[in-house]
Engineer: 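Pasting a structure below so you can have a look.
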Amino acid sequence: MMETDFIPIDYDYFDFQGRNYAKIIGRNNKGKRICIIDSCPVYFWVILKDNLKQKKIKTLLEKIKKIKLDIKGRQTKVENVELHDKNYLGKKVKALKIFATNYKDLHDIADKLGMPEIEKRRGYDLGFITHYIIEKKLNPLSWYKISGEVLNNSEEFGGIDMNLDVDFCIKLESATKILKTEFNPKILCYDIETDDLKIGGGEILMVSLVSDDFKKVITWKKSPHTKLNYVEYVKDEAELLERFVEYVRAISPDFLVGYFSDGFDLPYLKARADKYHVKLSLGLDNSQPKFRRGRVLTGKINGIVHIDLLKFIQTAYSQYMQSETLSLNEVSKEFLNDNKKDFAIKHSSKLDEKDWKEYFEYNLHDSVLTYNLFQKFWPDIIEFTRIMQEPVFDVSRNGMSNNVEDYIIHNLNRFNEIPEKHPTHDEIGKRRQIKKYEGAFVFEPIPGLYEDIVVFDFTSSYGSVIVTYNLSKSTLLQKQEKNSHHIKISEKDVYFSKIPGFFPEMLKEIIEKRKTYKKELKNKPDAIKRARSNAFKLLANASYGYQGFFGARYYCREAAAATAAFARDAIKNTISKINKEKYETIYSDTDSIAFLIKNKSKSETLKFLKKLNDKLPGIMELELEGFFKRGLWVTKRTGSVGAKKKYALLGEDKRIKIRGFETVRRDWCKLARTVQNKVIREVLFSGNEGAALEYVKEVIKNIKQRKINKGDLIIKTQLKKPLSEYKAISPHVIAARKMQEKEIPISQGNLVEYYIAETEGKKKLVRDKVKLPNEKDKYNIQYYLERQILPAIENIFQIFDVNIKEIIEGKKQTTLKDF
DNA sequence: GAAGTGGATATACC
DNA sequence: ACTGGTATATCCACTTC
C-alpha cells in the first residue's frame with residue numbers, strides 16, 4: 001500500500017479482461033511521476049414512459065438484466081439494473097440505470113432496448129474518460145490524497161506497468177481532494193525549421209528545445225565555424241529525430257508545448273520519422289504520437305500532454321487582443337513585449353555561415369517565446385481545466401461551445417439530470433438549414449459630433465436575460481401554461497416555464513461566480529484570479545450562442561431567439577425611458593445605450609440609473625459604462641443615413657475608443673488607417689475639423705508627390721479558403737496566385753499582402769494592378785487617394801461640410817480618365 | 001462598352 | 001463545423017440597353 005499526494009494530468013484508458021480501466025498520469029508533491037489505474041461502474045440511462053405500473057417496470061428490469069452480448073469478439077453483459085427517480089429536460093422521470101461490463105458496448109446494448117415501455121436511452125455517448133471523471137470525481141489538475149497498491153512489474157492488467165516510464169504505478173483504492181492548488185509543471189517547448197512547409201515535404205533542418213535552464217538546438221546541417229554552446233550537431237536528419245526523442249524522454253516533461261504544433265511541428269516530425277523508419281517514441285509507454293483529423297489536426301502523446309498554445313490563445317484570449325494575427329511574433333509582442341528574431345528565411349542551400357548562426361538563434365528563440373507564453377497563459381490553462389473538468393489536452397484545444405458543454409455535463413449530477421445526447425449527423429444537418437432568427441437591435445444614429453455623452457450597458461446582457469426568463473431547452477413549453485414567460489418570435493408565441501431549469505440555474509451560478517471573482521480580483525489582483533474571472537466571463541458570454549449552436553446537446557433555437565427578443569425589448573424599453581427623462585439617445589447596439597446628458601448633472605444621471613435598475617426584472621442590471629466628453633458618428637458611404645457599428649468616443653480620461661472605423665480594420669492600408677486615426681483624434685480633442693484638414697492636405701500632397709513609403713500602402717487580406725474555391729477573383733486572390741507562381745508558400749488562413757500599382761495600359765479592374773510588396777513599381781496615386789484615403793475620411797469631414805473629394809481633385813495632377 | 005445591381009468576400013461589433 | 005446575429009464596405013460578375 002502506498003499513500004501520496006497526486007495531481008492528475010493526462011487521462012487514457014485501456015481494456016483488460018473486457019473491462020475499462022482509466023490510466024491516469026500525474027505527479028506527486030515530490031515531483032515523482034505516478035500512473036494510477038482505476039475502474040468505475042459503467043452505465044447508461046433508460047427513461048421509462050409515463051405512468052408505467054410498478055409490476056411492468058419490475059418485469060422490464062428483470063428482462064434487461066439478462067441481456068448478454070457477444071460483439072466484436074468481446075463478451076459483455078448487463079451487470080445490474082436499478083430504478084431511479086431522475087430529471088430529464090425539466091421532467092421528473094422514472095429511469096433505469098443500466099450497468100454493463102464495457103463502456104464501448106453501451107451503444108449496442110442501448111440498441112437492444114427498443115421495448116415499448118422505453119421512452120429514451122441516454123448517457124452512453126460521453127466517452128469513458130468523461131464518464132470516469134464524473135463517476136470518481138478525480139478532476140484534472142486538482143490535488144488529491146490517494147492510496148493504493150503499488151504495481152511492480154506485476155502481471156495484473158497484463159503487465160501494464162512494465163513498459164511505462166513512471167516512478168510508481170498504483171492501483172487506486174481511494175482518493176480525497178485536498179486544498180492544495182499550486183502546481184508548477186515541467187514543461188518543454190519545441191520548434192522545428194524546414195525548407196518546405198508542406199508536412200513532411202522537406203528536410204527538418206533543426207529543432208529547438210527549451211525547458212527550465214535548458215536550451216538546445218539540434219541540427220545536422222554542419223557549420224563548422226559556428227560555435228554556439230547550445231547547438232548540437234548530429235550526423236543526419238534521422239539522428240536528429242532520434243536525438244529529439246532522447247531529449248524529450250530525458251527531460252520527461254508534463255507538457256510538450258509548441259505553437260501551431262498540432263498543424264505543423266508534430267506531424268512534420270512524425271512524417272520524417274516514418275520516412276527514415278525512426279520510431280518517434282515520445283509516449284511514456286513508448287508509443288508514437290497519434291493524430292486525429294478534425295477541421296485541423298491534433299497530435300496526442302500518451303502520458304505527456306502535447307499543447308498547441310495557438311489553439312488555447314485562440315479561444316481564451318483572441319477576442320481581447322490587439323494583434324491582427326495570432327502569429328507567434330504578434331502574440332509575443334502583445335503579451336511578452338518580445339518578438340521573433342529578425343531573420344529572413346531562405347532555402348537552406350542558400351545559407352552562408354553567418355546565416356546559419358542567425359537561423360539557429362532564430363529557431364531557439366521561437367521556443368523561448370513559446371516557453372514564456374506558456375508561463376503567461378498557464379494560470380488560464382489550469383483554471384479552464386479545473387472549471388470545465390475535462391483533461392487539459394482537450395480543454396486546451398476546445399472552442400467555447402465545447403467548454404460550455406463540458407461545464408454542463410460535469411455539473412448535471414447536482415441537478416439529478418440525465419444527460420441529453422449529442423445530435424446525430426442528420427440532426428445537425430437539419431438544424432443548419434433552419435434560417436436565422438432575429439438578433440440584436442441596433443439604433444440608427446444621426447451623424448454628427450456630439451458633446452457630453454453617457455453610456456449605460458447591461459451586465460452580461462444575454463446571460464442575465466436567459467436567467468431572468470428561464471430560457472432553455474428544458475424549460476420551453478409545448479403550449480401556453482398559466483404563469484409562464486411569454487414572447488413572440490417571428491409572429492409565433494413561445495412560452496417558457498417559471499420553474500427554474502438547470503441550464504438557467506447553472507448560468508446564474510456562472511454569472512454570480514464571475515461577479516465574485518471579478519470583485520476579488522479588484523481587491524487583490526493576481527494571475528489566477530484574473531484567469532478564473534475571465535473563464536467565467538467567457539462561459540457566461542458563450543452560453544447564449546451555445547443554445548443557438550447546431551452542434552449543441554442542449555440546442556434550443558427558441559431559447560436563443562427568445563433571448564435576443566427579450567433583450568431587444570429590454571433595450572428599447574430602456575431607450576424610451578431615457579428619452580422620457582429628457583435625455584436624448586443617440587446610439588445603441590445590443591446591450592449598450594449612448595445618450596446626451598443635456599442639462600442634467602452626473603449625479604442626477606446616476607440616480608436615474610438606480611431608478612432604472614429598481615424596475616428591471618430578475619437579475620438584469622444596467623451599469624454605467626462611462627461619461628464621455630465627445631463622440632463622433634458618421635454616415636454610411638452610400639446614402640446619408642448614419643452608419644451603425646462605427647463611432648469614436650473621447651473619454652474623460654482623454655482615452656479614445658474607436659469602433660468599426662477603418663482605423664481598426666486590418667484590411668485597409670496603414671496610411672489610410674493612420675490618417676483616419678489622426679483625423680478622428682484631432683476632431684475629438686479640438687471639437688472642430690481645422691487642424692485635421694491641414695494635416696489631410698499635407699498627406700494628399702505627399703501622396704501625389706510619391707513621398708509615401710510603400711510599407712504604408714500594403715494592403716493585407718486573409719485568404720479564408722483554398723485558392724481554388726474562390727468564385728470572385730478579387731485583388732487578394734490575384735496576389736495569392738502570384739505568390740503561388742513564385743513558389744512563396746501561401747495557404748488558407750494566411751494574410752496576403754499586396755499594393756496597387758500604376759500599371760500601363762487600359763486595364764480597369766483593381767486586381768489588374770495588384771503587385772506583391774517585393775515587386776518594383778510605382779504606387780497608384782489615384783487608387784490610394786480615392787479608394788483608401790477618401791473613403792476613410794470623407795464622412796468625417798462631411799459633418800463639417802468640408803468636401804474632401806473636391807480637395808483631392810482640385811489639386812490633382814492626373815485626371816480621372818487615367819484611372 | 002457604360003451603368004447599375006446583386007453576390008461574394010472580408011472584417012468588425014456586441 | 002466547432003458559440004449567435006447585425007452591419008459596413010469593396011470589388012467582381014453579370015445584366016441591360
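Every heavy atom of this structure was used, including side-chain atoms; hydrogens, water molecules and symmetry mates were not.
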Engineer: So is A:Arg432 actually on top of A:Phe550's ring, under 6.0 Å and inside 45° of the axis?
Structural biologist: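 Yes, A:Arg432 lies over the aromatic ring of A:Phe550.
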Engineer: Output a table of nitrogen or oxygen pairs between the protein and nucleotides 6-9 of chain B separated by less than 3.5 Å.
Structural biologist:
from	atom 1	to	atom 2	distance (Å)
B:dT9	OP1	A:Lys721	NZ	3.0
B:dT9	OP1	A:Lys727	N	3.0
B:dT9	OP2	A:Lys721	NZ	2.7

Engineer: Within this structure, what is the CZ-to-P distance between A:Arg553 and C:dC2, rounded to whole angstrom?
Structural biologist: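 Going from A:Arg553 (CZ) to C:dC2 (P), I get 19 Å.
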Engineer: Among C:dT8, B:dT11, C:dC12, which is the nearest nucleotide to the side chain of A:Ala643?
Structural biologist: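 So the nucleotide nearest the side chain must be C:dT8.
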Engineer: With C1' as the reference atom in both, quote the distance from B:dG7 to C:dT3 in angstrom, rounded to an integer.
Structural biologist: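 Approximately 27 Å lies between the C1' atom of B:dG7 and that of C:dT3.
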Engineer: Using side-chain heavy atoms (C-beta onward) and a distance below 4.5 Å, is A:Glu324 in contact with A:Gln718?
Structural biologist: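 No. Closest side-chain heavy atoms not under 4.5 Å.
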Engineer: Pick base, sugar-phosphate or nothing for A:Phe443, based on heavy-atom distances below 4.0 Å to the nucleic acid.
Structural biologist: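 Nothing, no nucleic acid heavy atom in range.
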Engineer: Under 3.5 Å, side chain of A:Asn750 to main-chain N/O of A:Leu719, donor-acceptor pair present?
Structural biologist: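 No, because the side chain of A:Asn750 does not come within donor-acceptor range (under 3.5 Å) of the backbone of A:Leu719.
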Engineer: Of the options B:dA10, C:dT10, C:dC12, whose atoms approach the side-chain atoms of A:Trp668 most closely?
Structural biologist: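 Minimum distance to the A:Trp668 side chain belongs to C:dT10.
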Engineer: Between A:Glu753 (side chain) and A:Leu772 (backbone), is there a donor-acceptor pair under 3.5 Å?
Structural biologist: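 No; zero donor-acceptor contacts below 3.5 Å.
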Engineer: Does any donor-acceptor pair link the side chain of A:Arg666 with the base of B:dT11 at a separation under 3.5 Å?
Structural biologist: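 Side chain to base: no pair present.
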Engineer: Can you check whether A:Ser261's main-chain N or O pairs, donor with acceptor, with A:Asp308's side chain at less than 3.5 Å?
Structural biologist: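 At least one qualifying donor-acceptor pair exists.
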